Amino acid sequence: MTGTVGRHVRLAFFLGGVGLHRLSMYRMDFALGAGAFLIRVGLQTAVVGLVFRQVPAVDGWSCDEVLFLLGFSLLPRGLDHLFTDQLWELGRKLVQRGEFYRYLIRPVNPLFSLLSERFFHPDAVGELVVGGVLVGWSGHELGLDPTSLQWCVAPLLVVCGALIHTSVKLLFASLSFWTVTSLPSMYAANQVSEFAGYPLDIYHPSLRAVLTWVLPFAFTSYVPCVYLLTGATGLVVWLPVVTAGAVAVALTVWRRGVDAYEMTGS
């Protein structure tokens, strides 16, 4: 058991190193991507600031609380981005171009092999750093004083949020086994996830229901932040259940997709 885990870890680092070497050959693309991300977050922060120059609060949320929520939303997103960015390639081209077969002939789990090709994506570091800075700064402005339990639970909230992001991404990427490419649906789901960076209270009840129980991005940021800011447990007690459910559904669709791919010999 220990030997198998060690072999998988070594293989992950090897394949991840190959992926990083590939990225280093396109430094301008990396610089442009990082610059675009910083501009986007800067604009989001500026919009929040402009809104709160006109009103003191929005549905009970102050400016610093919204910035805390926005920053926290980047942490699980960045963690997901750090390890699972290769899923975009599955949705975009691997099935369409007949390249997915190479993951089936390797003597390791196909999903592990796929994800390992782009381990430690450098773009994600920016999300984690900016998210951490926003959370730290806004938490200081709020005079936030988490309990020892909240300190212990906070990393788990981020990990669960990352697993939800990964599960939704894997679910829609796996649809490519039947549709050849699923990039449009992946992109649409990713756009929906952006709503989680703001208080759910400002949205229509139907959209809140979608973000909570259909595509459960509310559990990646809004629900954890309500707990960290107020101490109210509320929906946060459902986070492990929602996370486990999302992972189970995504893996089921993935396995059936791989089986369908193997049966057709695509």
Side-chain angles (χ1 to χ4, degrees), residues 12-13 15-24 26-45 69-94 111-136 154-174 176 182-198 211 215-222 224-225 243 246-247 250-251 254:
F13 275 98
L15 293 175
V18 172
L20 286 175
H21 177 71
R22 188 186 303 123
L23 286 172
S24 69
Y26 301 93
R27 295 177 183 176
M28 182 57 68
D29 289 345
F30 168 70
L32 289 174
F37 166 73
L38 292 175
I39 291 172
R40 178 172 66 83
V41 175
L43 289 174
Q44 287 177 305
T45 305
L69 174 58
L70 178 60
F72 190 93
S73 72
L74 295 175
L75 299 180
R77 181 187 295 274
L79 190 61
D80 160 65
H81 190 186
L82 192 65
F83 296 110
T84 68
D85 205 57
Q86 186 68 0
L87 289 175
W88 286 95
E89 295 302 297
L90 173 62
R92 184 169 71 92
K93 68 174 185 178
L94 292 179
L111 182 57
F112 174 84
S113 179
L114 173 67
L115 297 181
S116 297
E117 282 203 353
R118 200 176 290 188
F119 239 32
F120 306 115
H121 199 284
D123 286 4
V125 176
E127 289 180 296
L128 293 170
V129 170
V130 173
V133 168
L134 279 175
V135 167
L156 298 177
L157 299 178
V158 174
V159 171
C160 284
L163 287 173
I164 291 173
H165 276 292
T166 298
S167 297
V168 174
K169 190 192 302 182
L170 177 61
L171 171 65
F172 284 98
S174 299
S176 64
S182 59
L183 189 62
S185 59
M186 289 184 70
Y187 181 76
N190 186 64
Q191 291 300 104
V192 171
S193 73
E194 296 285 348
F195 287 106
Y198 302 97
L211 291 171
L215 298 176
F217 293 119
F219 286 92
T220 67
S221 52
Y222 174 81
C225 283
T243 303
V247 171
L251 288 177
W254 158 266

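Given the structure is predicted, the values throughout are model-derived calculations rather than measurements.
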**Report entry** Closest heavy-atom pair and its distance - T84, K169
**Finding:** OG1-NZ, 3.1 Å
Report task. Could you list the residues that satisfy side-chain hydrogen bond (donor to acceptor under 3.5 Å, both in side chains) with S193, not counting sequence neighbours? Result -> R77
Query raised in the report: Which residues pass the ring-ring contact (aromatic ring centres under 6.0 Å, His included) test with W88, sequence neighbours left out?
Result: none
Query - Steps toward side chain to side chain contact (heavy atoms under 4.5 Å, CB included) verdict (T243, V159) - result: CA-CA 10 Å; T243 303; V159 171; over 6 Å; no
Query raised in the report: By side-chain contact (heavy atoms from CB on, under 4.5 Å), which residues pair with L156, not counting sequence neighbours?
Result: none
**Report entry** Listed partners of S182 passing side-chain contact (heavy atoms from CB on, under 4.5 Å), at least two apart
**Finding:** L175, S176, T179, S185, M186
Report task. Work out which heavy atom in E127 is nearest to a heavy atom in G78; give both atom names and the distance. Result -> OE1-CA, 3.6 Å
Query raised in the report: Does S73 use its side chain to pair, donor to acceptor, with the backbone of A196 at less than 3.5 Å?
Result: no
Query - L128 CG to L74 CG distance, which is reported to the nearest 0.5 Å - result: 8.5 Å
Query - F219 vs L157, side chain to side chain contact (heavy atoms under 4.5 Å, CB included): CA-CA, chis, key distance, verdict - result: CA-CA 9 Å; F219 286 92; L157 299 178; over 6 Å; no
Requested in this report: To the nearest 0.5 Å, tell me how far L75 CG sits from S221 OG.
Outcome: 10.0 Å
Requested in this report: Not counting sequence neighbours, which residues clear ring-ring contact (aromatic ring centres under 6.0 Å, His included) with F217? List them please.
Outcome: H165
Query raised in the report: Do F72 and T220 have side chains that get closer than 4.5 Å, going by heavy atoms?
Result: no
Query raised in the report: So do the side chains of V192 and V168 get within less than 4.5 Å of each other, counting heavy atoms only?
Result: no
Query raised in the report: Residues in ring-ring contact (aromatic ring centres under 6.0 Å, His included) with Y198, at least two apart?
Result: none
Report task. Taking side-chain contact (heavy atoms from CB on, under 4.5 Å) as the test, write out the residues that go with A246, two or more places apart. Result -> S167
Report task. With side chain to side chain contact (heavy atoms under 4.5 Å, CB included) as the test, would you mind laying out the steps for L215 and F172 before giving the verdict? Result -> CA-CA 11 Å; L215 298 176; F172 284 98; 3.9 Å; yes
Query - Heavy-atom pair of closest approach, residues T166 and L87 - result: O-CD1, 4.2 Å
**Report entry** side chain to side chain contact (heavy atoms under 4.5 Å, CB included) assessment of L111 paired with L170
**Finding:** CA-CA 10 Å; L111 182 57; L170 177 61; 4.0 Å; yes
